[in-house]
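Since the structure comes first, as structure tokens, the remarks are kept for the end.
Convention: sequence-line order gives letters A, B, ...; per-chain numbering from 1.
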Amino acid sequence: MDDLPIEKSGPSPFARFLRAIAAVVWKDLAAEFRSRELLSAMLVFSLLVILIFNFALELNVKERRDVTSGVLWATFAFAGTLGLNRSMAVEKDRGCLDGLLLAPVDRAAIYFGKALSNLAFMLIVEAVVLPVYSVLYNVNLFRPGLLMVILLGSVGYIAVGTLLSTMSVQTRTREILLPILLFPVVIPILIAAVKASGGYLNNLGMEEILPWLNLLIAYDVIFTAIAFMVFDYVVEE
Amino acid sequence: MNGLFLLQPPPDTSAYMIAGYAIFFTVLVIYLLSLFLRWQNLRRDLSILEDLEDESKR
Amino acid sequence: MNAKPRALLILDVLSALLLAAATYLALIYAPLEAVMGAVQRVFYFHVASAWIGMLGFLAAGVAGIAYLRTQNLRWDIVEVAAVEISLVFFFIAIVLGSIWARPVWNTWWTWDPRLTTAAITELIYIAYLMLRQGIEDPNRRARFGAVYTLVGAVSVPITFMAIRLFRTIHPVVIGSQSAEAQGGFNMTADMKVAFFFALFAFTVIFADLLWNRIRLGHLAQEVEQRKLKVMQ
């Protein structure tokens with residue numbers, strides 16, 4: 001904290017901003033570790049999705065190599081909407097969203113706080129799904145490249161997902177609406193993540209993977225910026 | 001592939017062409033009709049609302 | 001506001017005449033394409049419909065940004081109008097594309113980047129309409145709508161690039177390259193006349209439809225406001 005420029009009257013606006021983000025993240029994580037509703041639902045759901053794919057796709061040794069990245073990303077995408085929906089619905093139902101909005105913090109800090117805690121939940125689920133999948137299908141998924149793709153993909157997915165789930169919980173149809181809003185706009189993420197993950201799993205050369213990594217990074221940057229700019233309009237009363 | 005086609009007279013694909021234009025005009029007419037019907041319904045609603053307002057004033 | 005303005009009436013008539021002329025040029029004036037036969041004539045209206053879809057897509061994006069900047073509900077009405085017209089004409093373009101693809105490529109659907117992106121845009125716009133339907137408050141509806149149009153407007157070009165990249169790295173039997181080689185043709189001068197006239201005619205038709213739809217939006221807004229007033 002020492003290297004942050006601190007004014008005499010108090011912490012600088014940026015430090016206050018960071019502190020507000022940390023407060024939102026801490027609130028979510030603490031609440032979650034008490035109830036464990038969200039994480040357990042996401043985890044069981046992901047394992048069930050893998051189970052369904054196992055029988056739907058006949059995951060034998062030969063085909064497994066080609067479909068693993070697709071199965072993983074489909075699982076993450078479905079579990080992700082479940083988590084996003086729940087995380088925002090809880091805020092809305094307990095009146096936390098209104099409380100947060102009344103708090104004298106920058107709205108953008110609320111967005112980043114919610115996005116970071118959503119990202120944390122998603123990464124935890126992925127951290128459980130990966131070893132389970134590795135054991136079940138005898139593929140080593142713990143490769144640095146693949147982990148990086150999963151992180152980049154999750155960041156983009158959550159950046160848009162947090163924005164859209166904030167909108168969808170405020171509509172009449174609520175939970176039903178989120179996947180319908182989210183999936184068509186995260187298609188680039190899913191395409192790029194599936195191709196890049198598949199590239200790492202099949203040991204393809206970097207020249208085949210790099211375009212997809214670039215796409216993921218570009219998407220992450222663009223949509224984090226957009227969500228940051230428009231979040232105000234989504235929570236305004 | 002192109003060369004193979006060129007040896008023959010152009011295939012008769014006019015059924016597809018007719019289907020295409022039929023669908024185009026059908027969809028267009030349906031859309032125009034929906035615009036017209038929505039306009040009519042709104043006009044009717046508006047006149048009912050105007051009557052209601054007049055009554056409440058009296 | 002209820003009597004149609006004279007300029008709009010003129011535009012209505014002009015659009016109808018231009019549509020008739022474009023149909024004549026496409027069906028009768030343009031020469032028969034040697035390889036594909038009559039079905040190639042679908043091409044003129046297919047591209048022109050997709051062109052309207054694009055115009056609507058751009059108009060919706062611009063109106064969305066304008067709404068967020070000004071918070072003026074007038075822009076919201078423009079946005080819905082543009083989305084709706086784009087939805088209708090992308091639908092037409094996709095169906096006509098399928099009809100063209102069937103005899104030429106022997107399949108109803110190719111995962112061509114343009115066709116797929118148009119289909120995804122349709123899904124985004126259907127989601128947009130569902131989002132709006134679930135919100136009562138006009139201002140919130142407009143804000144959410146504008147935000148979602150903006151997200152869509154940015155994601156669609158990225159989707160297009162992603163799908164094209166997908167195709168170039170992994171060519172399939174009917175990939176973009178072989179498909180273009182097979183379905184492509186050189187336009188003769190007469191074909192060009194029909195093609196560019198169709199584009200021009202459809203641009204005018206787009207303006208006409210947009211204007212009419214915006215008027216409908218204003219009427220709907222008035223009815224909604226009166227309803228609220230009566231209920232109070």
Side-chain angles (χ1 to χ4, degrees), chain B, chain C residues 2 4 12 19 23 26-27 32-46 48-49 81 84-85 87-89 91-93 95-105 178 181-182 184-185 205 209 212-213 215-231:
Chain B
M1 214 50 177
N2 272 354
L4 226 151
F5 271 121
L6 281 174
L7 297 177
Q8 304 154 351
D12 181 23
T13 49
S14 48
Y16 287 101
M17 177 196 83
I18 293 167
Y21 279 86
I23 288 172
F24 173 83
F25 282 103
T26 314
V27 174
L28 188 65
V29 165
I30 290 174
Y31 183 59
L32 291 176
L33 203 66
S34 98
L35 282 179
F36 177 73
L37 287 178
R38 281 186 281 173
W39 180 264
Q40 293 279 307
N41 287 341
L42 285 170
R43 291 290 308 150
R44 210 180 45 222
D45 287 0
L46 193 64
S47 64
I48 294 172
L49 286 167
E50 272 165 356
D51 289 350
L52 277 174
E53 267 174 46
D54 286 348
E55 271 173 39
S56 60
K57 265 177 203 156
R58 248 179 273 143
Chain C
N2 292 319
K4 241 182 183 184
D12 283 349
L19 182 61
T23 313
L27 291 184
L32 191 67
E33 213 272 332
V35 178
M36 288 179 268
V39 75
Q40 181 270 336
R41 293 182 194 280
V42 165
F43 155 83
Y44 305 108
F45 274 35
H46 164 68
S49 302
E84 199 179 282
I85 294 168
L87 190 67
V88 170
F89 279 85
F91 174 74
I92 293 178
V95 173
L96 292 194
S98 284
I99 288 176
W100 185 19
R102 177 64 197 164
V104 177
W105 298 329
S178 62
Q182 207 187 343
F185 55 93
I205 293 168
L209 285 175
N212 276 302
R213 182 60 185 79
R215 272 169 47 85
L216 183 71
H218 280 291
L219 184 64
Q221 190 188 32
E222 197 187 332
V223 169
E224 197 173 46
Q225 280 168 355
R226 294 242 177 148
K227 260 185 198 156
L228 283 175
K229 222 193 308 179
V230 167
M231 277 196 287

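B:S14 contributes no side-chain N or O that, together with a main-chain N or O of C:A38, makes up a donor-acceptor pair within less than 3.5 Å.
The CD atom of C:Q40 sits 10.5 Å away from the CE atom of B:M17 when rounded to the nearest 0.5 Å. Here the OG atom belonging to B:S34 is positioned 6.0 Å from the CD atom belonging to C:E84, to the nearest 0.5 angstrom. In this structure, CD in B:E50 is found 7.0 Å from CD in C:E222, a value given to the nearest 0.5 Å.
Residue contact with chain B, scored on non-hydrogen atoms closer than 4.5 Å, involves the side chain of C:L19 exclusively. Of the atoms belonging to C:V223, heavy atoms from both backbone and side chain fall under 4.5 Å from chain B. No part of C:S98 comes within reach of chain B, as not one of its non-hydrogen atoms sits under 4.5 angstrom from that chain. If you measure heavy-atom distances from B:L42 to chain C, the contacts under 4.5 Å come from both the backbone and the side chain. Looking at B:Y31, only its side chain comes within 4.5 Å of chain C, counting heavy atoms on both sides.
Side-chain contact between C:L209 and B:L32: present, with at least one pair of heavy atoms (C-beta onward) separated by less than 4.5 Å. The side-chain heavy atoms of C:N212 and B:W39, taken from C-beta on, include no pair separated by under 4.5 Å.
Each of B:I48, B:L52, B:L49, B:L46 was checked for a side-chain contact (heavy atoms from CB on, under 4.5 Å) with C:K227, and the lone residue meeting it is B:L49. With B:Y21 as the fixed residue, the ring-ring contact (aromatic ring centres under 6.0 Å, His included) test singles out one of C:F45, C:F43, C:Y44: C:F45.
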As a quick check of understanding, evaluate side chain to side chain contact (heavy atoms under 4.5 Å, CB included) for B:L28 and C:F89, giving each step before the final call. CA-CA 9 Å; B:L28 188 65; C:F89 279 85; 3.7 Å; yes
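Here the closest non-hydrogen pair linking C:I99 and B:Y16 is CG2-O, 3.2 Å. B:G20 and C:V42 make their closest contact through CA-CG2, 4.3 Å (heavy atoms, listed as atom of the first residue, atom of the second, distance).
If you tally non-hydrogen atom pairs under 4.5 Å between each of C:A93, C:A220, C:A26, C:S49 and chain B, the highest count goes to C:A220.
The 12-atom threshold is not exceeded at CZ of B:F36, counting heavy atoms of other residues, nucleotides or ligands nearer than 6.0 Å.
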